[in-house]
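Okay, structure first, notes after.
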Amino acid sequence: MSSFIYYHFQYFKCPNYNSRHYISYYFTNYHCTTTPSTTTTPSTTTTPSTTTTPSTTTTPSTTTTSSTTSLTTTTSTGFTTTSVKTTTPTTSPTITTILSSTTTPTNTPSTTTPTTITTKIPTTTLSPVIVTPDFNATITGRCTLLTISPSHYQLLSPNYPRRYKPNERCKIVIMPKKPRLMQVTPGLKRLGADDWLLLKSPYKNSITLTKKSRKSETFPSTAMVINFRAAEKEQGRNFTIDLEVLDNKCNRVITVPEGGSGTLRLPKNFASQPRCEWWLKAPIGRKIQLKFEEADLRRLDCKKHYVVVNTQGLPDYDMANRYATGNNRFCKNEAVKNLTSVDNRMNVLINARPTKMNFRATYDLV
């Protein structure tokens with residue numbers, strides 16, 4: 001609807017009229033309206049959502065609104081205002097369709113709100129592996145392993161040299177690459193009285209270290225598990241453990257050729273270094289048979305001193321699984337027996353007292 005105000009006599013033409021109209025009035029407000037007509041506006045209502053009904057129903061409906069015209073004249077001081085209000089009749093056929101289990105596309109502009117979907121993906125955290133010429137070490141927790149010099153390493157407590165946290169834990173698993181001895185020297189002056197530090201070495205050979213531990217300890221193999229757990233209250237500050245890999249004439253890797261055989265003997269200086277380890281390896285497809293010719297086991301107490309044979313050739317003697325596989329231990333008055341490897345490998349370990357000991361065993365292929 002358009003509105004016009006004119007002074008005196010004025011000529012104008014309403015835009016929707018087909019003929020001219022000359023209207024004059026002093027300060028008159030005119031309203032141009034559309035002549036009564038019938039306008040058919042087909043409208044389609046699209047529902048932007050998915051409606052599920054058991055059936056499909058189409059309902060055509062027509063809505064007609066009659067025209068209403070009102071004329072209002074208001075007289076005020078010096079002014080006369082005439083307003084004409086016209087409502088145009090509208091016929092709107094509306095078609096509403098309800099589709100069963102149907103998604104109706106939206107034809108009108110819509111606002112799409114981006115949706116963020118968070119999916120929890122299980123992750124596996126791998127412990128770092130430290131590779132050295134003598135062994136591979138896997139560390140869990142915040143302990144650190146340093147290389148001081150060839151074959152000399154140092155284990156540092158979590159957050160070293162600062163204080164470790166209450167209940168903090170770390171674990172280091174050492175897997176040897178060749179048969180060697182391991183000398184352990186603790187530096188535990190600042191270890192808490194209630195902190196827990198345990199060293200394990202084959203075969204079922206373990207010691208618990210305290211802040212009073214000072215003396216070095218030599219283990220028959222570099223295979224080792226070190227566990228640390230800080231106390232909940234009054235824990236210590238830090239600690240160090242020096243690990244030194246040693247060699248002697250007993251530590252050997254023996255490759256048995258096809259048709260080969262041999263003898264395992266203790267060296268003459270065995271009393272000063274009463275530990276030996278041999279790793280036997282045969283060609284693929286062959287097995288190793290071990291026969292004890294002489295074995296003086298009376299001085300072996302079965303706790304820290306023993307002879308153990310692993311018929312699977314595992315370098316840690318299956319320490320990770322509590323020695324469940326392939327181990328045969330001999331000590332005290334136990335009778336020795338002949339053994340055959342499961343595959344083409346076999347390991348023999350002796351950890352004895354620092355005294356003279358008679359031992360001899362032969363091996364060949366089967």
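Just so we're clear, the structure is a prediction, and the values are computed from it rather than from any experiment.
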Scanning both residues in full, the closest heavy-atom pair of Pro274 with Ala271 reads CD-O, 4.0 Å

For atom CZ of Arg360, decide whether the heavy atoms of other residues, nucleotides or ligands shown that lie under 6.0 angstrom number more than 12. yes

Test side chain to side chain contact (heavy atoms under 4.5 Å, CB included) on Lys189 and Arg214 and set out the steps. CA-CA 9 Å; Lys189 291 182 180 181; Arg214 299 284 189 273; 4.0 Å; yes

Decide yes or no for Val309 and Leu290: does some side-chain heavy atom of the first lie under 4.5 Å from some side-chain heavy atom of the second? yes

Decide whether Asn327 and Asn310 meet the rule of one side-chain donor and one side-chain acceptor closer than 3.5 Å. yes

Answer yes if the ring centres of Tyr203 and Tyr323 are under 6.0 angstrom apart, and no otherwise. yes

Nearest-0.5 Å distance that lies between atom CG in Asp195 and atom CD in Glu234: 10.5 Å

Less than 6.0 angstrom separating the ring centers of Phe239 and Tyr160, yes or no? no

Separation of Lys281 NZ from Asp343 CG (nearest 0.5 Å): 11.0 Å

With rounding to the nearest 0.5 Å, note down the distance linking NZ in Lys165 to CZ in Arg162. 11.5 Å

Got a donor-acceptor contact below 3.5 angstrom from the Asn238 side chain to the Pro161 backbone? yes

So does Pro186 get a backbone contact from the side chain of Lys215, meaning a donor-acceptor N/O pair under 3.5 Å? no

Can you hop from Met319 to Met175 via hydrophobic side chains spaced under 4.5 Å? no

If you count every heavy atom of other residues, nucleotides or ligands that lies below 6.0 Å from Glu232 atom CD, does the total exceed 12? no

Path from Val256 to Trp279 over hydrophobic side-chain contacts below 4.5 Å: no

For Leu181 and Asp247, what are the C-alpha separation, side-chain angles and deciding distance, and is it a side chain to side chain contact (heavy atoms under 4.5 Å, CB included)? CA-CA 6 Å; Leu181 307 177; Asp247 191 12; over 6 Å; no

Rounded to the nearest 0.5 Å, how far does SG of Cys276 lie from CG of Leu266? 5.0 Å

The test is side chain to side chain contact (heavy atoms under 4.5 Å, CB included); show your working for Gln235 and Tyr164 and say whether it passes. CA-CA 8 Å; Gln235 70 278 3; Tyr164 43 77; 4.0 Å; yes

Do any N or O atoms from the side chain of Thr147 and from the backbone of Ser149 form a donor-acceptor pair under 3.5 angstrom? no

When you compare the side chain of Asn269 with that of Asn248, does any pair of heavy atoms fall below 4.5 Å? no

Are Thr311 and Asn328 close enough that some pair of their side-chain heavy atoms sits under 4.5 Å apart? yes

Main-chain N/O of Ser261 paired with Asp364 side-chain donor or acceptor, under 3.5 Å: no

Tyr153 vs Val245 side-chain heavy atoms within contact, under 4.5 Å: yes

Quick check: closest heavy atoms across Ser201 and Ser221, and the distance to 0.1 Å? OG-O, 3.8 Å

Minimal heavy-atom distance between Glu277 and Arg180, with the atoms involved, is OE1-N, 4.1 Å

For Lys332, look at atom NZ and say whether over 12 heavy atoms of other residues, nucleotides or ligands are found less than 6.0 Å away. no

Could you check whether Thr325 and Asp318, counting side-chain N and O atoms only, form a donor-acceptor pair closer than 3.5 Å? yes

Thr140 side, atom OG1; Arg169 side, atom CZ - distance, nearest 0.5 Å: 12.0 Å

Mind checking the CZ-SG spacing from Arg329 to Cys302? Nearest 0.5 Å is all I need. 5.0 Å

Over all atoms of both residues, closest heavy-atom pair of Leu191 and Thr210: CD2-C, 3.9 Å

Got a donor-acceptor contact below 3.5 angstrom from the Asn351 side chain to the Tyr306 backbone? no

Test Asp134 against Thr222 for side chain to side chain contact (heavy atoms under 4.5 Å, CB included), laying out the working first. CA-CA 8 Å; Asp134 301 298; Thr222 54; 5.7 Å; no

Can you confirm whether Arg252 is buried at CZ, in the sense that more than 12 heavy atoms of other residues, nucleotides or ligands lie under 6.0 Å from that atom? no

Are Met182 and Leu314 joined in one hydrophobic group, where the rule is that I, L, V, M, F, W and Y side chains link up if heavy atoms are under 4.5 Å apart? no

For Met357 and Asp296, the nearest pair of non-hydrogen atoms, with its separation, is CE-O, 3.4 Å

Under 3.5 Å, side chain of Asn136 to main-chain N/O of Pro176, donor-acceptor pair present? no

How close do Glu168 and Phe228 get, heavy atom to heavy atom, and via which atoms? O-CE2, 3.8 Å

Start with the C-alpha distance between Phe270 and Phe359, add both sets of side-chain angles, then the distance that settles ring-ring contact (aromatic ring centres under 6.0 Å, His included), and finish with yes or no. CA-CA 11 Å; Phe270 179 77; Phe359 178 86; 8.8 Å; no

Any heavy-atom pair between the side chains of Lys178 and Asn251 that's under 4.5 Å? no

Within 6.0 angstrom of Arg142 CZ, more than 12 heavy atoms from elsewhere: yes

With hydrophobic residues grouped by side-chain heavy-atom distances under 4.5 Å, do Ile254 and Phe292 end up in a single group? yes

Less than 4.0 Å between a side-chain N and a carboxylate O, is that true for Asp301 and Arg353? yes

Is there side-chain contact between Ile288 and Leu365, with heavy atoms separated by less than 4.5 Å? yes

Side-chain heavy atoms of Ile241 within contact of Leu209, under 4.5 Å: yes

same_hphob_cluster(Tyr317, Leu339) at 4.5 Å side-chain heavy-atom cutoff: no

Are any of the side-chain heavy atoms of His152 and Asp242 separated by less than 4.5 Å? yes

